[in-house]
Novice: 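What follows is a structure written as structure tokens; I'll ask about it next.
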2 protein chains.
Amino acid sequence: MGDLQQDVTEAELAVLQALWDSGPSTIRQLVDRVYGQSGTSVYATVQKLLERLETKRCVARDRSGAVHMFRAAVHRDELIGRRLRAVADSLCGGSMTPLLTHLVEGKGLSAKEQRELRALIERLDGRKRK
Amino acid sequence: MGDLQQDVTEAELAVLQALWDSGPSTIRQLVDRVYGQSGTSVYATVQKLLERLETKRCVARDRSGAVHMFRAAVHRDELIGRRLRAVADSLCGGSMTPLLTHLVEGKGLSAKEQRELRALIERLDGRKRK
DNA sequence: TGACTCCTCAGACGAGTCGTCTTAGACTTC
DNA sequence: GAAGTCTAAGACGACTCGTCTGAGGAGTCA
């Protein structure tokens, strides 16, 4: 039922980020946080974005109060996973391994990222060894 | 100059895949390979897709002959890199590390992918050790 | 020479998406 | 009951994407 899972657009993501950072919020709070200004049109924009995020099952709405409360229904990490999977599907025949290879071989990694990768691998290696 | 690098759409990707698999080709060859049918409209469609891929600097066109030859101007791996970078930019503030973490922690990985990951890490670990 | 075929090129189409905005009506508060 | 705030529905303009049409050039061959 429903559109399985569609990707989140840029403006929608900005709202979602605000929810991740600030926790459950009202529309007005989100307007302040995302746009830093007020006005009926901006309010309606955020409202529409939340509505679309809701149909994408990315936010949940609490209708019990007089003013609706919104909270994120997906974790950032879950979204990362979806997108990685999408890349794997369209470019690697569904396998995640080429992505991993790409990252591990450090093709586009900064020095800092390479250090972090190394730490990550050592940690994982230790975990598997026992 | 030019639109830096825009993402490749699904239909465009199908053409690009054909170029990766078969090497430099004419439009007609690509039509056969991608659509498996002939006709002026399909021909024009592939032509338009190639034209757009060219402006995105993803294919190169050789105009010297009577019939133009097209070849891929990006590797699959490069495209993977672009998309990973895009995910990192929009979801991780530009850092690739969270992607790596996600993959390494095996959140969405199949058993086979996990085995491959392990092999990959051992290989890398050995390489770094010396 | 003229008909035919195959090509390139420019442009336009219909459908869909995305961010924004307007409006109408319901509810609360004083 | 007037003012202010909320929800809900819908429409807008701009853009993208896959597809298609048509004009014109170049080559071939009877």
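These numbers come from the heavy atoms of this one structure, side chains and all, not from hydrogens, waters or symmetry mates. Proteins come first, then strands; the chains are lettered A, B, ... in the order of their sequence lines, and each starts at number 1.
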Novice: Mapping A:A66 and A:T45 onto DNA chain C by nearest heavy atom, which one lands closer to the 5' end?
Specialist: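 Upstream on the strand: A:T45.
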Novice: Does B:T9 have a side-chain nitrogen or oxygen under 4.0 Å from the phosphate oxygens OP1 or OP2 of D:dG18?
Specialist: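 Affirmative; the distance criterion is met.
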Novice: Tell me: CD of A:Q6 to C1' of C:dG16, nearest whole Å?
Specialist: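 In whole Å, C:dG16 C1' lies 11 Å from A:Q6 CD.
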Novice: Could you verify whether a donor N or O on one side chain and an acceptor N or O on the other, from A:S22 and A:R33, lie under 3.5 Å apart?
Specialist: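 A:S22 vs A:R33: donor-acceptor pair found between side chains.
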Novice: Give a yes/no on whether any side-chain N or O of A:Y43 is located under 4.0 angstrom from OP1 or OP2 of D:dT7.
Specialist: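 A:Y43 to D:dT7 OP1/OP2: side-chain N or O found under 4.0 Å.
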Novice: List the steps, then state whether side chain to side chain donor-acceptor pair (under 3.5 Å) holds for A:R52 with A:T9.
Specialist: CA-CA 10 Å; A:R52 289 174 183 162; A:T9 65; over 6 Å; no
Novice: So which nucleotide from D:dG18, D:dG10, D:dC20 ends up closest to the side chain of A:K48?
Specialist: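 Looking only at heavy atoms from C-beta outward on A:K48, the closest nucleotide is D:dG10.
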Novice: Can you say whether a donor on the side chain of A:E51 sits under 3.5 Å from an acceptor on the base of D:dA8, or the other way round?
Specialist: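 Check fails, no donor-acceptor contact within cut-off.
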Novice: With sugar-phosphate meaning primed atoms plus P, OP1 and OP2, does A:A11 contact a base, only sugar-phosphate, or nothing at under 4.0 Å between heavy atoms?
Specialist: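 It contacts sugar-phosphate atoms only.
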Novice: From the options C:dC21, C:dG19, D:dC17, select the nucleotide whose nearest atom is closest to the side chain of A:L49.
Specialist: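 Minimum distance to the A:L49 side chain belongs to C:dG19.
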Novice: Tell me which nucleotide among C:dC9, D:dG18, D:dT21 gets nearest to the side chain of B:R63.
Specialist: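 Closest nucleotide to the B:R63 side chain: C:dC9.
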Novice: Taking DNA chain D as the partner, which of residues 25-35 of chain A come within under 4.0 angstrom of it by heavy atom?
Specialist: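 Contacts with DNA chain D under 4.0 Å: A:I27, A:R28.
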